Every structure is written in C-alpha cells, then in structure tokens.
Asks: 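Here's a structure for you.
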Amino acid sequence: RRGAGGYPGGRRRALDPSKPKDIEYLRRMHPDFDEVMVSANIDYRTMCHTDANFASKYRIPPVLTPVRSFRGHTNSVDAVCWGPDPGTFISASHDATLRVWDVQSGACTDTLQGHTAGVYHCAVSAARRLVVSCGSGEERNVLLWKWPEKRVSAELRGHRRAVLHAAFASDGHAAATVDQEGTVLVHDLERGSCKLRLGAHYGAVHGSSFCGEDSNLLMTAGHDGALRLLDIREQLAPQAWRLPSCAANAVSLNTTMGMPAAHGGYAAYAVEFINRTAVFSAGADNKLKRWDLRATAQYNPKCVGEYLGHTAPVRCLAVSPDLRHVVSGCEDGSLRVWPKDPLSTVKSSLREIRSEMKQVQSDLEAAAGLATSQQKLAARLEALKQRSAPLKDMETQMSREGYVPASRTLNGHVGLVSAAAWQEDAGQKTAHILSSSWDQSVQLFSVGLDDLA
C-alpha cells in the first residue's frame, strides 16, 4: 500500500537507496535516478579526469613562482631538507650523492659521497646535529653523517633491500628506516644498534614519522594503502604479554590502531605525526588528509579533513612549525599550501566578534541619553556586523562543501615533486619552502605568512 505522495508504507520517512522498495519509488519519481547514483559513486581521483566542472568546483588558488632555483645533480632529486647550519639545506639524488647548498649564494658548498647507489631520502636532527640518508643497494643503504665534519659516523645495518625513507625522533636518540619489503627498523643511535625490526606493511613502505610529542610513537605509510601506528615500548615488551593466558586475565594490548585503507585503497606516500592526536597523510587518491586519533571507531581513527585540489597523486608533505599550515607536493609538478583547519579558525573569529558585539550592545543601552557615545558605539556595532558577514558566508560554504581549499599554488617544477621542507624566518613573517623534483632541481619559494592568515 502506498500513501500520499507515493511513499512506500503510506507515510513520509527517510528513503534508503540500498533498499529495493525505496529504489523502485525513487526511479519512478526521478527518471535520472540511476545516472545521479552512478555520478555519486565516482571517487575523487576519477572525478579529477572525468568531471568537466572540476576546475570550477576546485579553483586554483593564487600562484607563486620560485625565488631561486638550484641545479647541479645529474639525476632526479629525491629529497631535500633544511641543514643543521643556518642558511643551508641538503639534497639527496639518484646520482648517489648528497649536496650541501648555501641558500644566499645558490652555490653547492659540499658534495657528500658514501652511498653505492641512488639516495632516496635524507633527514636532519637539529638536536644532535646529525643527518641520516638512505637509498638503494644491499649495503651502505643507511648512513649516519656527523656535522659539521660532514663525514659518515655510522652505517645503520639491518635492511636487505632499498631503504625508501628515514626519520629522526624529536630528541635525536633514535631513527626509523623503512624499505621496499615492508620492513620497519628502529635504530638506537646511542648504542649503535637496531632495537626493533617489524614487518608492518605488505609491499614497500614509503614514509615514516615519529610523534612530535612522544618519541615512542611511530606512524608509517605503505604502498598497501595503510597507515600503521606503532608504540615502540609495547613492541619491545616481553613476549609473555602476548600469550593467550593474558585474555583469561582480561589483559589486552592494542598494537593494531591504524587506517588500513587510509586513501581509499590507493598507496599512502607520506605521513606527518605532528602530535598525539593529529596526523597528516598524502596518497595516490590525489588527496591530503588530516586524521584525529581521538575520534576512533573500533580502533580506526577518523579523517577530519580532506584537502582537495590536486589532480594527481600527492607524494610529499611538510607541516609548519606552528602547525597552522601544511604544504603538499604532487606528481604533476605543483605544490599547494593549505591552512590546517580554516573552519575552526573562522568559528573562533566569529565567537570573538559575537562576544564583542554583545558587549558593545550592552554599552549602547547603558549610554542612553549620551548622543556622542551612542553614535560611536553604533558605528562600532555596524563595523562588527560588516566583519562578521563574510565570515558567516565562509563558515556556511566550508560546512557545506566539506573540504579545505588551498591558500596558494607553488609552480616551478616540470617533474614529480619528491619532497618539501618548511622553514620560517626569525620574525615569523615569511615561510621559506624548499621542494625537490625528478626534474633534477630544487626550488625555493617565499610565502608571506600574513597573506595566508
């Protein structure tokens, strides 16, 4: 029986497109129902290449070009990081070398040789003035360099295949390395030994990051599409804790928290574990994502922000020191700068304006009979209303669209962007962003932080 309006069951209710009766009703009322449903099921990566309106939905933000280019490597540049010395940076290349550059002069001041094949990544520990580099080959695939001597102080052993990424703990006493086999190694740099070896992924591991607040927590990103969260303390705990008898004593240790399909089943290429509650990741679904480790369902953290606009896989990312901005690098040769959480910022600004408006309204009522004071307060109230109007529109738009728009686009490469590094000047007025690429160059961009606010 059908009631008024043809609703199944004779009463108005929410329709479920997964139920045959509701599908029958929707097809009868909406002849284009099937076409709409097919379009709704298209993922973002497919939409980038098939949606004719993509450019209007995800507009390109203002474009910046490099202020300086650095060339000298004879093969693709796979990584770049700011150096231990002020005004310098280090690049790693497929030509089996690392180069140290002076930013001001643009000159290469040192070429470091020690690897037997291509160098895939490099990272700096400012706390201990150390540099770690990793690359291809079965031997000498992870090297630890001492600064300012710029010489190899140790070879970190344990990997049988090419090592794709290396990361320091915030205190500089440990380093994590990941390889093509899906293996994660954590090295104790004080003792010069490997303290943890774990098979964390199926296939290559592309990235790793220690938690910025706790060096015992490590996040990895793999070609299997998963992000894995590891607690190093628990992994090193005696095996007895993992015996079945623990279940009888109501003892449980959770080591499987992570995101098994963080990027819709596509590869996860980069991860930044900024604090105990927040993680950024980049993947082959063309998305940059932010995860809240507090919002979990069955130990699966929740994605609380999607940063959309890239039209090819996102290969790298870097977060600003104040955690307010993030930059991502794409296979199409572009980078984008994003605000971390613009919706929260807009809501906070609106709360401040509303509170001030309430105070001004109260003062206006108390100033009854004082024409001059009332005039000034009324003008102030009107100015606050004008300030709040565009913020309300932004809040509505961001809530409706459900994604974070980029602030700037950085164009300068003609090949895949392999790495990015963020540094701010002493006055925190300008961000200096380095990017490396398979076009054999490193580019330097300068972005005014006030323009990103």
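This one's a predicted model, so the numbers in the text were calculated from it and none came from an experiment.
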Asks: Quick one: do Trp147 and Val100 satisfy side chain to side chain contact (heavy atoms under 4.5 Å, CB included)? Show the steps, please.
Replies: CA-CA 12 Å; Trp147 234 255; Val100 183; 3.9 Å; yes

Asks: How many angstroms lie between CG in Leu230 and CG in Leu196, if you round to the nearest 0.5 Å?
Replies: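 So the gap between those two atoms works out to 7.5 Å.
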
Asks: Take atom CZ of Arg157 as the centre, draw a 6.0 Å sphere, and report whether it contains more than 12 heavy atoms from other residues, nucleotides or ligands.
Replies: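 No - once you tally the heavy atoms of other residues, nucleotides and ligands closer than 6.0 Å, there are 12 at most.
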
Asks: Minimum heavy-atom separation for Ala420 to Ala318, with atom names?
Replies: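 Where Ala420 meets Ala318 most closely, the heavy atoms are O-CB, 3.6 Å.
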
Asks: Judged by atom type as modelled, is there a donor-acceptor pair below 3.5 Å linking the side chain of Asp332 to the main-chain atoms of Ala312?
Replies: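 Side chain of Asp332 to backbone of Ala312: no pair is present.
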
Asks: Roughly how far, to the nearest 0.5 Å, is the SG atom of Cys81 from the CG atom of Leu434?
Replies: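 Interatomic distance, Leu434 CG to Cys81 SG, rounded to 0.5 Å: 9.0 Å.
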
Asks: If the test is side-chain hydrogen bond (donor to acceptor under 3.5 Å, both in side chains), which one of Arg290, Lys287, His263 qualifies with Ser281?
Replies: His263

Asks: Is there a side-chain contact between Leu229 and Phe273 (heavy atoms, below 4.5 Å)?
Replies: yes

Asks: Does any non-hydrogen side-chain atom of His115 lie less than 4.5 Å from one of Leu98?
Replies: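 They are in side-chain contact.
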
Asks: State yes or no: are the ring centers of His223 and His206 separated by less than 6.0 Å?
Replies: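 Centroid distance His223-His206: below 6.0 Å, so yes.
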
Asks: List the atom of His432, the atom of Ser446, and the distance in Å for their closest heavy-atom pair.
Replies: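 Shortest heavy-atom separation between His432 and Ser446 comes out as ND1-OG, 3.3 Å.
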
Asks: Taking Ser435's backbone N and O only, do any of them form a donor-acceptor pair with Gln443's side chain (distance below 3.5 Å, no angle check)?
Replies: no

Asks: Verify, without hydrogens or angle tests, whether Ser437 (side chain) and Ser441 (backbone) share a donor-acceptor contact under 3.5 angstrom.
Replies: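 It does not hold such a pair.
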
Asks: Below 30° counts as parallel, above 60° as perpendicular, anything between as tilted: where do the rings of Phe54 and Tyr44 land?
Replies: tilted

Asks: Thr116 and Ser136: which non-hydrogen atoms are nearest, and at how many Å?
Replies: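 Result for this residue pair: OG1-O, 4.5 Å.
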
Asks: Taking all atoms of both residues into account, what is the closest heavy-atom pair of Thr220 and Ala200, and its distance?
Replies: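 Of all heavy-atom pairs spanning Thr220 and Ala200, the closest is OG1-CB, 4.4 Å.
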
Asks: Is any side-chain heavy atom of Arg408 closer than 4.5 Å to one of Phe445?
Replies: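 Side chain of Phe445 against side chain of Arg408, heavy atoms only: no contact under 4.5 Å found.
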
Asks: Between Arg129 and Asp85, does at least one N-O distance fall below 4.0 Å, as a salt bridge requires?
Replies: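 So Arg129 pairs with Asp85 through a salt bridge.
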
Asks: Where the side chain of Asn53 meets the backbone of Lys57, is there a donor-acceptor pair that is under 3.5 Å apart?
Replies: no

Asks: So Val447 and Leu410, side chain to side chain contact (heavy atoms under 4.5 Å, CB included) or not? Walk me through it.
Replies: CA-CA 9 Å; Val447 183; Leu410 311 180; 4.3 Å; yes

Asks: Is there side-chain contact between Ser418 and Ser436, with at least one heavy-atom pair below 4.5 Å?
Replies: yes

Asks: Would you say the side-chain atoms of Ser170 pair up with the backbone N or O of Phe210, donor to acceptor, closer than 3.5 Å?
Replies: no

Asks: Taking Lys150 for the side chain and Asp110 for the main chain, is one N or O donor matched with an acceptor at less than 3.5 Å?
Replies: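 Not confirmed, Lys150 side chain does not pair with Asp110 backbone.
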
Asks: Strictly distance-based, threshold 3.5 Å: is any side-chain N or O of Glu213 a donor or acceptor partner for the main-chain N or O of Arg276?
Replies: yes

Asks: Side chain to side chain contact (heavy atoms under 4.5 Å, CB included) between Val417 and Arg315: does it pass, once the steps are laid out?
Replies: CA-CA 7 Å; Val417 178; Arg315 298 298 295 254; over 6 Å; no

Asks: Which atom pair, heavy atoms only, marks the closest approach of Val205 to Thr183?
Replies: CG2-N, 4.2 Å

Asks: I'd like to check Val319 versus Leu323 (side-chain heavy atoms, cut-off strictly below 4.5 Å). Are they in contact?
Replies: yes

Asks: Report the relative orientation of the aromatic rings in Phe89 and Trp101; use parallel for angles under 30°, tilted for 30 to 60°, perpendicular for over 60°.
Replies: parallel

Asks: Can you establish whether the number of heavy atoms outside Gln104 located under 6.0 Å from its atom CD is more than 12?
Replies: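 Counting neighbours around CD of Gln104, 12 or fewer heavy atoms of other residues, nucleotides or ligands fall under 6.0 Å, so no.
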
Asks: In plain terms, say whether Lys195 and Glu190 are close enough for a salt bridge, that is, a side-chain N and a carboxylate O under 4.0 Å apart.
Replies: no

Asks: Verify, without hydrogens or angle tests, whether Ser93 (side chain) and Ser76 (backbone) share a donor-acceptor contact under 3.5 angstrom.
Replies: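 Such a contact is found between Ser93 side chain and Ser76 backbone.
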
Asks: From Asp78 CG over to His121 NE2, what is the distance, rounded to the nearest 0.5 angstrom?
Replies: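 Result: 10.5 Å between the selected atoms.
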
Asks: Starting from the C-alpha separation in whole Å, work towards a yes-or-no answer on side chain to side chain contact (heavy atoms under 4.5 Å, CB included) for Phe70 and Arg99.
Replies: CA-CA 11 Å; Phe70 304 85; Arg99 288 179 179 251; over 6 Å; no

Asks: Of all the heavy-atom pairs spanning Gly333 and His413, show the shortest one and how long it is.
Replies: O-CB, 3.4 Å

Asks: Would you call Arg233 and Asp214 a salt bridge, using N to O less than 4.0 angstrom?
Replies: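 The answer is yes: the pair qualifies as a salt bridge.
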
Asks: Atom CZ in Arg151, atom NZ in Lys146: separation rounded to 0.5 Å?
Replies: 5.0 Å

Asks: Assess whether ring-ring contact (aromatic ring centres under 6.0 Å, His included) is satisfied between Tyr120 and His94, documenting all intermediate values.
Replies: CA-CA 7 Å; Tyr120 294 149; His94 246 63; 5.3 Å; yes

Asks: Does some side-chain heavy atom of Val152 sit less than 4.5 Å from a side-chain heavy atom of Leu112?
Replies: no

Asks: Is the charged tip of Arg45 near the ring of Tyr266: under 6.0 Å from the six-membered ring centre and within 45° of its axis?
Replies: yes

Asks: Distance-only, no hydrogens or angles: does the His173 side chain make a donor-acceptor pair with backbone N or O of Asp188 under 3.5 Å?
Replies: no

Asks: Is Arg140 reaching over with its side chain to a backbone N or O of Glu155, donor-acceptor style, under 3.5 angstrom?
Replies: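 Checking the backbone N and O of Glu155 against the side chain of Arg140, no donor-acceptor pair under 3.5 Å is found.
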
